[in-house]
Asker: 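Below you'll find the structure I mean.
Chain letters run A, B, ... following the sequence lines, proteins first and then strands; every chain starts at 1.
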Protein chains: 2
Amino acid sequence: MPYDPSAFPPFAVTVDLVVLTVRSHALCALVVRRGEPPYQGRWALPGGFVRADEDLAAAAARELKEETGLRPHGPEGKDTGAHLEQLATYGDPYRDPRMRVVSVAHLVLSPDLPPPIAGGDARSARWSPAESLLGPGEGLSRDGDQPVQLAFDHAQILLDGVERARAKIEYSSLATAFCPPEFTVGELRRVYEAVWGVALDPRNFHRKVTGTPGFLVPTGGTTTRQGGRPAQLFRAGGATLLNPPMLRPEV
Amino acid sequence: MPYDPSAFPPFAVTVDLVVLTVRSHALCALVVRRGEPPYQGRWALPGGFVRADEDLAAAAARELKEETGLRPHGPEGKDTGAHLEQLATYGDPYRDPRMRVVSVAHLVLSPDLPPPIAGGDARSARWSPAESLLGPGEGLSRDGDQPVQLAFDHAQILLDGVERARAKIEYSSLATAFCPPEFTVGELRRVYEAVWGVALDPRNFHRKVTGTPGFLVPTGGTTTRQGGRPAQLFRAGGATLLNPPMLRPEV
DNA sequence: GTAATAGTGTCTTTAAGACACTATCGC
DNA sequence: GCGATAGTGTCTTAAAGACACTATTAC
């Protein structure tokens with residue numbers, strides 16, 4: 001460990017955010033349009049520099065607040081707000097053409113936000129379906145008529161974030177982070193279906209989630225906002241690990 | 001994303017390594033003794049600065065080579081060598097008393113190395129049981145007579161690495177990274193037992209691993225190096241994901 | 001022979017997958 | 001009534017857990 005604090009290569013350190021939500025039965029990611037070069041006009045993940053006296057998680061929370069107005073709840077947080085966790089760090093020497101930038105990516109799972117984006121600064125921002133940002137052909141979904149190609153290595157970061165989310169809802173109760181504070185079993189099932197892109201059997205799903213102790217807590221209320229027979233409302237229970245896990249089909 | 005490449009706080013970026021192996025039925029981590037302040041004389045994880053033109057994974061591989069002589073095989077690597085993956089990044093502003101250092105920790109899983117440590121530079125290095133470095137009371141195992149308290153936030157990093165390893169061998173074939181190129185079912189079982197700190201039923205374990213297609217490939221040879229009846233030798237198969245997973249007892 | 005590990009088989013239990021069926025709303 | 005979603009029950013099947021039992025070595 002040749003620690004010579006006076007002679008080290010200087011790096012810039014940023015945080016980038018993979019902010020995911022479920023909108024109209026599709027997994028969507030928050031992207032912002034870049035106002036300056038490089039990649040001017042291209043869509044990118046929100047992010048920014050870590051300040052000199054700022055922890056990485058604090059920087060991510062600050063950026064999240066600036067972009068969406070959301071406040072994260074940390075591990076075991078009980079308040080309303082989004083789930084935030086560190087994802088991975090990207091440090092290819094040439095990932096930013098201007099200088100050496102190491103980016104610590106974070107993953108945010110949020111309930112659906114009514115406006116496309118509130119808060120934040122003047123740049124345009126929007127939710128885009130993850131599928132259109134990632135698909136084969138590098139996301140040829142239509143935005144007006146232009147293909148979506150994320151700036152920098154953000155396509156890779158987004159892919160890693162989506163894969164993390166897909167894997168984690170399997171063995172944790174994290175899918176509830178996509179739901180409002182009170183939700184029905186059907187709404188939770190539609191989250192799984194959107195994130196995994198599969199159809200799940202409603203009867204077996206119901207049996208699984210209601211039969212796992214500590215996963216769901218009934219609030220007593222009901223709702224018919226999805227139509228049909230009134231459904232019980234639940235809150236996320238204290239259980240954070242799902243054992244046995246929810247199994248992704250097509251194995 | 002206020003990207004102003006001329007005005008950013010300068011950071012030093014390092015890689016730290018959590019190198020794990022299984023020795024005499026115990027999960028052990030590689031630690032080196034610090035030769036200079038801060039934390040002079042204390043044990044720490046091996047690591048060092050990322051060079052100006054170096055990728056993070058390349059820096060980790062270089063440090064690993066310098067410390068152990070091991071060469072990592074990347075994802076899907078077939079050659080002999082250790083498994084290396086990024087673990088997490090630690091960036092508390094005061095984690096290093098001298099300056100702002102962001103450390104990208106990596107996890108290495110290695111077969112048992114015969115010498116305590118070969119190669120490397122002049123500093124002393126050794127394998128220590130993870131339990132003694134992590135246990136309650138912050139690792140009061142005896143080293144001569146001194147308690148082991150890792151420098152910086154390395155106890156947290158080690159804990160995260162051990163937890164990652166424990167979780168990952170559950171649903172992947174990564175436990176074979178702790179084994180020599182050819183190994184027996186019993187040796188693989190003892191790896192699981194050492195990493196998890198539990199006893200597994202040898203019969204059920206045998207049925208599980210030999211019944212999972214692509215997990216183990218018989219080499220044709222046998223060995224009696226563990227005593228008793230000769231055991232078949234296997235290589236790790238191509239399967240990287242274990243489905244259904246190996247279940248950790250005590251759920 | 002004993003003691004050790006290797007390997008197979010069998011029974012029980014848990015839980016997933018595939019349904020049929022009923023319940024309660026809006027219209 | 002119809003069509004939607006909610007919720008329960010039942011049967012089948014996959015697989016884990018708990019063993020008994022046999023096999024082959026070193027000594």
Asker: Is B:Arg189 touching bases, backbone alone, or none of the nucleic acid, heavy atoms closer than 4.0 Å?
Answerer: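 Sugar-phosphate only.
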
Asker: Measure from CG on B:Asp201 to P on C:dT10 and round the result to the nearest Å.
Answerer: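 Atom CG in B:Asp201 sits about 17 Å away from atom P in C:dT10.
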
Asker: Rounded to whole Å, please give me the gap between OH in B:Tyr171 and C1' in D:dA16.
Answerer: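 Atom OH in B:Tyr171 sits about 21 Å away from atom C1' in D:dA16.
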
Asker: Name the pairs: protein N/O against N/O of nucleotides 21-24 of chain D, kept only if under 3.5 Å.
Answerer:
from: D:dA23; atom 1: O4'; to: B:Arg229; atom 2: NH1; distance (Å): 3.2
from: D:dA23; atom 1: N3; to: B:Arg229; atom 2: NH1; distance (Å): 3.4
from: D:dT24; atom 1: O2; to: B:Arg229; atom 2: N; distance (Å): 3.2

Asker: Rounded to whole angstroms, how far apart are CZ on B:Arg225 and C1' on C:dA6?
Answerer: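 Rounded to whole Å, this separation is 14 Å.
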
Asker: Quick one: which residue pairs count as a salt bridge (charged side-chain N to carboxylate O under 4.0 Å, His left out) with a foot in residues 231-242 of chain B, not counting sequence neighbours?
Answerer: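 Salt bridge (charged side-chain N to carboxylate O under 4.0 Å, His left out) check on residues 231-242 of chain B returns no pairs.
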
Asker: If I compare all heavy atoms of A:Ser110 with all of A:Leu70, which pair ends up nearest, and what's the gap?
Answerer: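 Looking at all heavy atoms of both residues, the shortest contact is OG-CD1, 3.3 Å.
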
Asker: Using atom CE of B:Met246 as one end and atom C1' of D:dG17 as the other, report the distance to the nearest whole Å.
Answerer: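 Going from CE in B:Met246 over to C1' in D:dG17 covers 14 Å.
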
Asker: Starting from P on C:dA6, measure out to CD on B:Gln226 and report it in whole angstrom.
Answerer: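 Rounded to whole Å, this separation is 6 Å.
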
Asker: Under 4.0 Å from OP1 or OP2 of D:dA6: is there any side-chain N or O of A:His206 that close?
Answerer: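 Checking D:dA6 against A:His206, no side-chain N or O comes under 4.0 Å of OP1 or OP2.
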
Asker: Expressed as a whole number of angstroms, how long is the span from B:Leu242:CG to D:dA15:P?
Answerer: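 Answer to the nearest Å: 12 Å.
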
Asker: Listing request: all ring-ring contact (aromatic ring centres under 6.0 Å, His included) pairs with a residue in residues 199-243 of chain B, at least two apart in sequence or in separate chains.
Answerer: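 Every pair satisfying ring-ring contact (aromatic ring centres under 6.0 Å, His included) with a residue in residues 199-243 of chain B: B:Tyr192-B:Phe205.
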
Asker: Starting from P on C:dA6, measure out to CZ on B:Phe183 and report it in whole angstrom.
Answerer: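 Result: 13 Å.
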
Asker: For A:Ser173 and A:Ala239, work out which heavy atoms get closest and say how close.
Answerer: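 For A:Ser173 and A:Ala239, the tightest heavy-atom pair comes out as OG-O, 3.0 Å.
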
Asker: What residues form a side chain to side chain contact (heavy atoms under 4.5 Å, CB included) with A:Thr223, not counting sequence neighbours?
Answerer: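 A:Thr184, A:Arg225, A:Leu233.
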
Asker: Excluding sequence neighbours, so at least two apart, what forms side chain to side chain contact (heavy atoms under 4.5 Å, CB included) with B:Tyr171?
Answerer: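 B:Tyr171 satisfies side chain to side chain contact (heavy atoms under 4.5 Å, CB included) with B:Lys168, B:Pro245 once adjacent residues are dropped.
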
Asker: Taking only residues two or more places apart in sequence, or in another chain, which ones meet A:Pro244 in a side chain to side chain contact (heavy atoms under 4.5 Å, CB included)?
Answerer: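 A:Pro244: side chain to side chain contact (heavy atoms under 4.5 Å, CB included) contacts with A:Lys208.
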
Asker: Is there a residue in residues 211-224 of chain B whose heavy atoms reach under 4.0 Å of DNA chain C, and which residues are they?
Answerer: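 Residues of residues 211-224 of chain B that come under 4.0 Å of DNA chain C do not exist, since none gets that close.
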
Asker: Just how far, in rounded Å, is P of D:dG17 from CZ of B:Arg248?
Answerer: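 Going from CZ in B:Arg248 over to P in D:dG17 covers 13 Å.
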
Asker: Find the bend of the helix from C:dG1-D:dC27 to C:dC27-D:dG1 as the angle between its two terminal axes (five pairs each), to the nearest 10°.
Answerer: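 The end axes of the helix from C:dG1-D:dC27 to C:dC27-D:dG1 are about 0° apart, to the nearest 10°.
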
Asker: Taking C-beta and beyond as the side chain, do B:Trp43 and B:Arg126 meet within less than 4.5 Å on heavy atoms?
Answerer: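 Side chain of B:Trp43 against side chain of B:Arg126, heavy atoms only: contact under 4.5 Å found.
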
Asker: A:Thr89: what forms a side chain to side chain donor-acceptor pair (under 3.5 Å) with it, not counting sequence neighbours?
Answerer: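 A:Thr89: side chain to side chain donor-acceptor pair (under 3.5 Å) contacts with B:Thr89.
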
Asker: Just distance, no hydrogens or angles: give the donor-acceptor pairs under 3.5 Å from side chains in residues 157-167 of chain A, sequence neighbours left out.
Answerer:
from: A:Asp160; atom 1: OD1; to: A:Gln156; atom 2: NE2; distance (Å): 2.9
from: A:Asp160; atom 1: OD2; to: A:Tyr90; atom 2: OH; distance (Å): 2.5
from: A:Arg164; atom 1: NH1; to: A:Glu85; atom 2: OE2; distance (Å): 2.7
from: A:Arg164; atom 1: NH1; to: A:Gln86; atom 2: O; distance (Å): 3.2
from: A:Arg164; atom 1: NH2; to: A:Leu87; atom 2: O; distance (Å): 2.7
from: A:Arg166; atom 1: NE; to: A:Val195; atom 2: O; distance (Å): 2.8

Asker: Is it the case that the side chain of B:Arg23 and the backbone of B:Leu113 share a donor-acceptor pair, with hydrogens and angles ignored and the cut-off at 3.5 Å?
Answerer: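 Answer holds: yes.
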
Asker: Who passes side chain to side chain contact (heavy atoms under 4.5 Å, CB included) against B:Pro202, sequence neighbours left out?
Answerer: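 Partners of B:Pro202 under the side chain to side chain contact (heavy atoms under 4.5 Å, CB included) test: B:Arg189.
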
Asker: Shorter than 3.5 Å, N or O on both sides, protein versus nucleotides 11-16 of chain C: list them out with atom names.
Answerer:
from: C:dA16; atom 1: OP1; to: A:Lys208; atom 2: NZ; distance (Å): 2.5

Asker: How is A:Arg190 classified with respect to the nucleic acid when contacts are heavy atoms under 4.0 Å: base, sugar-phosphate, or nothing?
Answerer: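 The answer is sugar-phosphate, as A:Arg190 gets under 4.0 Å only of primed atoms, P, OP1 or OP2.
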
